[in-house]
Amino acid sequence: MEERPKLLIIDDEDIVLDSCQQILVGSDYEIRTAKDGNLGVRLIEGYQPDLVFVDLKMPGISGFEVLEKINEIDPTIVTIVITGFATINSAVEAMQKGAFDFLPKPFTPDELRLITRRGLEKRNLVLETLALRREKEMLRNHFAAIVSHELKSPLAAVQQYLMALSGELSNELTEDQSRRFERIQTRIDDLMKLIHTWLRAMTVDIENIKENFAPTSIPIVVSKAVESVQPHAIRKDISIKISIQEPIKSVIGDEGTLVEAVVNLIGNSVKYSPTGSEIEVTVEEAKEQVLITVQDNGIGISKEDLPFIFEDFYTGMTKQSVERSSGLGLALTRRIIEAHSGSISVESELGNGSKFEICLPALEGHEFETSLANMNPETII
Ligand code: ADP
């Protein structure tokens with residue numbers, strides 16, 4: 001708020017409007033008044049107030065309807081209701097509808113000044129949070145653009161040249177030179193994969209995901225995820241055990257991104273578990289939720305790392321894994337799960353394995369015919 005804070009007072013009683021103006025006149029606020037709800041709502045779009053006082057009991061449209069309309073026009077506007085008959089219930093109802101606070105009539109000048117100050121502080125906080133969120137989004141897009149143009153494109157060109165060159169020289173290279181060529185190619189492939197992960201995590205469009213939402217079977221999601229991680233697990237001689245407590249209601253979601261989320265969890269379990277260990281993936285239904293848990297006997301997560309592992313680019317401090325680490329897998333997983341109105345949590349202790357749990361709202365009255373027998377037997381170990 002760089003200009004003077006703007007207040008709007010909507011009340012059908014002249015005495016309230018006049019006294020509010022008189023009380024606040026010395027403060028550096030711009031104040032407008034409206035004698036009924038319709039007039040007040042009409043004023044809002046042009047005037048763009050920071051704080052609106054709304055009388056709950058007015059002829060014509062009620063204070064509650066005014067609150068709803070303000071919320072539709074601009075949900076960042078802070079509203080305070082003026083309650084005539086001091087009915088605490090209606091004040092509570094108003095606050096449930098988004099009002100910031102209430103001011104019971106009659107009120108003293110100090111009460112009005114104080115609540116106005118608090119309302120404007122709240123408005124500042126709301127605007128700051130919004131600005132920070134926009135800045136974060138801009139940084140995210142900016143980062144994606146830089147990675148894409150400045151890194152991915154030139155690296156793809158290098159990869160192309162290298163492939164052509166190694167083809168042309170294939171008959172002339174010594175064994176050692178060929179091995180070094182391969183190493184360069186592998187490193188570049190790894191870098192391309194890393195860049196792909198960054199771009200995926202930075203640009204995954206949650207709104208787009210929602211457009212593809214359809215009833216989705218979680219046992220199928222889990223089966224596809226395990227199938228995709230299997231080669232990695234086999235290389236480390238790790239067995240993945242699936243247990244599904246059928247019947248399981250389906251969820252509303254996008255199968256592809258849900259598979260990606262579960263792949264990230266199982267992939268991490270493989271990455272952070274010792275050779276020859278076991279990972280258990282379970283699917284069950286409880287309290288109208290479908291729960292997917294991925295439990296491993298790996299290195300576990302320290303309590304210092306635990307609060308941050310779902311943040312962008314956070315990689316744990318205990319660097320016991322030699323594998324590639326971008327610190328984006330769990331951040332992306334959480335965004336995918338939250339886009340499905342679900343939640344993800346973790347229990348882990350350093351040295352004692354980890355248990356990740358995804359919780360998704362079950363779709364009422366919708367079960368898929370997916371018994372273990374229908375799944376690809378390759379995925380059940
Ligand atoms: P990355 O694995 O690429 O570092 P993630 O976002 O997938 O990134 O994970 C963030 C961090 O959380 C990892 O660096 C690791 O420290 C920790 N972590 C995630 N999953 C596990 C697990 N199953 N066991 C131990 N540590 C894990």
Side-chain angles (χ1 to χ4, degrees), residues 136 140 143-144 147 151 186-187 189-204 206 221-222 225-226 228-243 257-283 291-339 342-359 381:
K136 194 173 167 194
R140 189 181 275 281
F143 177 82
V147 169
L151 288 179
T186 312
R187 296 300 293 272
D189 287 351
D190 282 350
L191 267 179
M192 284 300 272
K193 275 189 213 141
L194 185 63
I195 290 172
H196 177 79
T197 313
W198 284 351
L199 286 177
R200 178 88 188 104
M202 290 290 139
T203 57
V204 58
I206 300 298
V221 165
V222 165
V226 172
S228 139
V229 182
Q230 202 63 261
H232 190 186
I234 288 171
R235 276 199 299 278
K236 283 184 80 172
D237 190 27
I238 288 176
S239 66
I240 304 175
K241 195 173 136 222
I242 309 177
S243 98
T257 46
L258 284 175
V259 171
E260 189 175 352
V262 180
V263 163
N264 286 342
L265 295 191
I266 309 178
N268 274 348
S269 283
V270 174
K271 183 154 84 170
Y272 298 107
S273 289
T275 307
S277 61
E278 187 176 275
I279 293 166
E280 193 172 351
V281 185
T282 61
V283 181
L291 309 176
I292 310 167
T293 51
V294 178
Q295 181 151 20
D296 62 52
N297 301 302
I299 61 172
I301 304 166
S302 70
K303 59 178 187 306
E304 288 77 22
D305 283 333
L306 215 47
F308 306 108
I309 57 169
F310 293 101
E311 303 285 324
D312 283 340
F313 297 112
Y314 192 85
T315 57
M317 294 183 210
T318 335
K319 281 273 152 277
Q320 295 184 26
S321 169
V322 288
E323 295 182 45
R324 201 162 49 89
S325 185
S326 67
L328 283 171
L330 289 181
L332 177 59
T333 302
R334 182 170 68 172
R335 290 179 71 210
I336 291 173
I337 297 305
E338 285 177 355
S343 60
I344 178 164
S345 57
V346 57
E347 284 170 31
S348 183
E349 244 178 61
L350 202 58
N352 275 332
S354 308
K355 182 177 170 188
F356 283 83
E357 182 175 86
I358 290 175
C359 216
I381 298 194

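Read the numbers this way: they start at 1 and go in the same order the structure lists the ligands and their atoms.
- The proximity of Leu330 to ligand 1, defined as any non-hydrogen pair under 4.0 Å, involves the side chain as well as the backbone.
- Annotation: side chain to side chain donor-acceptor pair (under 3.5 Å) contacts of Thr293 (sequence neighbours excluded): Thr282.
- Considering backbone and side-chain N/O atoms, Asp296 comes within less than 3.5 Å of an N/O atom of ligand 1.
- Geometrically, ligand 1 and Ile301 share no nitrogen or oxygen pair separated by less than 3.5 Å.
- Under a 4.0 Å criterion applied to the non-hydrogen atoms of Lys271, ligand 1 contributes the atoms 1 (P), 2 (O), 3 (O).
- Note: Phe308 and Tyr314 have tilted aromatic rings, judged against thresholds of 30 and 60 degrees for the angle between ring planes.
- Residues Asn297 and Ser277 have side chains that never bring a donor and an acceptor to within less than 3.5 angstrom of each other.
- The two atoms that bring Leu258 and Ile336 nearest to each other are N-CG2, 4.4 Å, heavy atoms only.
- Nearest heavy atoms, Cys359 versus Ile337: O-CG2, 4.5 Å.
- A heavy-atom distance below 4.5 Å is found between the side chains of Leu265 and Leu330.
- Under a 4.0 angstrom heavy-atom cut-off, Asp305 registers as lying outside contact with ligand 1.
- Across every non-hydrogen atom of Arg334 and Glu311, the tightest pair is NH2-OE2, 4.3 Å.
- Atoms of ligand 1 found under 4.0 Å from any heavy atom of Leu328, numbered from 1 in the order shown, are 6 (O), 8 (O).
- Taking a 4.0 Å cut-off on heavy atoms, Gly298 fails to register as neighbouring ligand 1.
- Under 4.0 Å from ligand 1, not a single heavy atom of Leu265 appears.
- Heavy-atom proximity to Tyr314, at under 4.0 Å, picks out these atoms of ligand 1: 10 (C), 11 (C).
- In Phe356, the part holding a heavy atom less than 4.0 Å from any atom of ligand 1 is the side chain.
- The side chain to side chain donor-acceptor pair (under 3.5 Å) test applied to Asp296 returns Ser269, not counting sequence neighbours.
- For ligand 1, the polar-atom distance check finds no N/O of Ala331 at less than 3.5 Å from any of the ligand's N/O atoms.
- Near Thr315, meaning under 4.0 Å from one of its heavy atoms, ligand 1 places the atoms 4 (O), 14 (O).
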